[in-house]
Structures are given as C-alpha cells and as structure tokens.
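In this chain, residues are counted from 1 in sequence order.
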Amino acid sequence: MLGALPALAHDVPADIAKAPPSGSFVAVSGLVPLPDFLPGMGQLFVDPATLPAGPFLAYDHDGALVSTIYMLPMKDLNPDNRFEDLAAPGGNVDHVDVYYNAGHPGVEEPHIHVVLWHVPVADEARVAE
C-alpha cells in the first residue's frame, strides 16, 4: 500500500502525462531552432499563444512529464507586475528552481526560468543528459 503513495501524490492529467501533450501544446523544437531534447530541461512543449512566459511542459526521454517551466522576461520583473497563481498543469509540485537565463531561441531577451518540478530532486537526473 505505501508503495502506491508517490503515484497518488503525482496525479498528472492524462492529456499531458505523456509526450506529446494534447490540445494546443506544440513542440518548442518545431517553433524555434532548438534541439528536441534540452539537457537539464527535457523535451519542451508550449501553447504558442502563451509565449514568451509559458507554461512550458517538460518531458524526460521516456515521454513522462517532469516539470512545468515559466520563462519570465527580466523587463517584466518590476514593482508594477505580479506573477501570481502560476499554474502547474502537471499536478503537485515537489520543489521549485529559479534561475537567470541570458536568452535563447524563442525567448531571446534575458529572463528568469521558474521550474515547477513534479518529480523529486533525485529524479531530475531523468532530464540531465
């Protein structure tokens, strides 16, 4: 019985649990010149209408959802803007990472990555390489 608890804690909606997600999400690699799999992030999917911030759904090599990522432009991080109630489409959030990015194809301007991990820290290795 206890072995089933982690699965219950990570109740991912079926339409996004495995890559590719359904609905309006498309592979980021089909929108901008990026590889299909980004080490440290995984395979990314986004609804183009939500760019540049996202949410981006990130999947491991087996196509399992591992995190939800937001890319918040530095210019928008000021006293006049608030980022509240960031959705976590992948269900429960185990932990959060926040880090600076100078820009990349698709989000060229400097921004902050807010990574809502749906897996434990030890499972981040699933997207490390």
Side-chain angles (χ1 to χ4, degrees):
M1 176 79 172
L2 290 178
L5 288 179
L8 294 174
H10 186 58
D11 191 18
V12 181
D15 60 335
I16 63 168
K18 294 295 270 182
S22 64
S24 56
F25 286 92
V26 298
V28 170
S29 62
L31 298 173
V32 296
L34 286 172
D36 287 333
F37 192 93
L38 298 164
M41 296 177 82
Q43 183 181 18
L44 300 179
F45 292 84
V46 68
D47 175 347
T50 67
L51 292 173
F56 294 79
L57 302 178
Y59 295 84
D60 67 13
H61 287 288
D62 294 325
L65 183 68
V66 294
S67 70
T68 299
I69 302 171
Y70 286 89
M71 301 182 190
L72 307 177
M74 291 293 293
K75 68 177 177 61
D76 293 339
L77 298 174
N78 61 61
D80 297 325
N81 287 331
R82 296 178 62 96
F83 295 94
E84 297 175 327
D85 299 324
L86 295 177
N92 292 344
V93 174
D94 182 85
H95 63 286
V96 177
D97 289 339
V98 178
Y99 56 91
Y100 174 81
N101 188 288
H104 51 73
V107 186
E108 286 80 11
E109 63 188 284
H111 58 280
I112 298 295
H113 285 194
V114 178
V115 184
L116 309 176
W117 288 98
H118 305 297
V119 298
V121 171
D123 287 345
E124 288 183 30
R126 293 166 35 188
V127 295
E129 298 177 21

- Using modelled atom types only, decide if a donor and an acceptor are shared between the side chain of N81 and the backbone of D76 within a distance under 3.5 Å. yes
- Message: Restricting to non-hydrogen atoms, name the atom on N101 and the atom on H104 that form the minimum distance, rounded to 0.1 Å.
- Response: OD1-CD2, 3.3 Å
- What is the minimum heavy-atom distance between L31 and P48, and which atoms define it? CD1-CG, 4.2 Å
- Task: Could you please spell out the steps behind the side-chain contact (heavy atoms from CB on, under 4.5 Å) verdict for M71 and E109?
- Result: CA-CA 10 Å; M71 301 182 190; E109 63 188 284; over 6 Å; no
- Query: Are L116 and L65 co-members of a hydrophobic cluster defined by side-chain heavy atoms under 4.5 Å apart?
  - Reply: no
- Message: Taking the side chain as everything from C-beta on, heavy atoms only, tell me whether H118 gets closer than 4.5 Å to T68.
- Response: yes
- Query: What residue among V12, D15, I16 forms side-chain contact (heavy atoms from CB on, under 4.5 Å) with P89?
  - Reply: I16
- Item | Atom of V32, atom of P105 and distance for their closest heavy-atom approach | CG2-O, 3.7 Å
- Looking at side-chain heavy atoms only, is the closest gap between V66 and D123 below 4.5 Å? no
- Give the cluster check for V114 versus L57: same hydrophobic cluster or not, with ILVMFWY residues linked at side-chain heavy-atom distances below 4.5 Å. no
- Minimal heavy-atom distance between V93 and V96, with the atoms involved, is CG1-CG2, 3.9 Å
- Grab the two heavy atoms, one from P35 and one from S29, that are nearest each other, plus how far apart they are. O-CB, 3.7 Å
- Query: With under 30° as parallel and over 60° as perpendicular, where do the rings of Y59 and F45 fit, or are they tilted in between?
  - Reply: perpendicular
- Message: Within the structure provided, determine whether P110 and Y100 are in side-chain contact (heavy-atom separation under 4.5 Å).
- Response: yes
- Can you get from L72 to L38 by hopping between Ile, Leu, Val, Met, Phe, Trp and Tyr side chains that sit under 4.5 Å apart? no
- Item | Partner set under salt bridge (charged side-chain N to carboxylate O under 4.0 Å, His left out) for D97, not counting sequence neighbours | none
- Message: Count I, L, V, M, F, W, Y as connected when their side-chain heavy atoms are under 4.5 Å apart, and connections chain through other members. Are W117 and V98 then in the same cluster?
- Response: no
- How far apart are the closest heavy atoms of M41 and I69, and which atoms are they? CE-CD1, 3.6 Å
- Message: Check the orientation of F37 and H61. Use parallel for under 30°, tilted for 30 to 60°, and perpendicular for over 60°.
- Response: parallel
- Task: Answer whether the closest heavy-atom distance between the side chains of L51 and F56 falls below 4.5 Å.
- Result: yes
- Query: Out of curiosity, does V115 fall in the hydrophobic cluster containing L86 (side-chain heavy atoms, cut-off under 4.5 Å, transitive links)?
  - Reply: no
- Roughly how far, to the nearest 0.5 Å, is CG of D60 from OG of S67? 10.0 Å
- Any donor and acceptor pair, going by atom type alone, linking the side chain of E108 with main-chain N or O of G106 inside 3.5 Å? yes
- Message: Between N78 and D80 (side chain of the first, backbone of the second, donor and acceptor by atom type, cut-off under 3.5 Å), is there such a pair?
- Response: yes
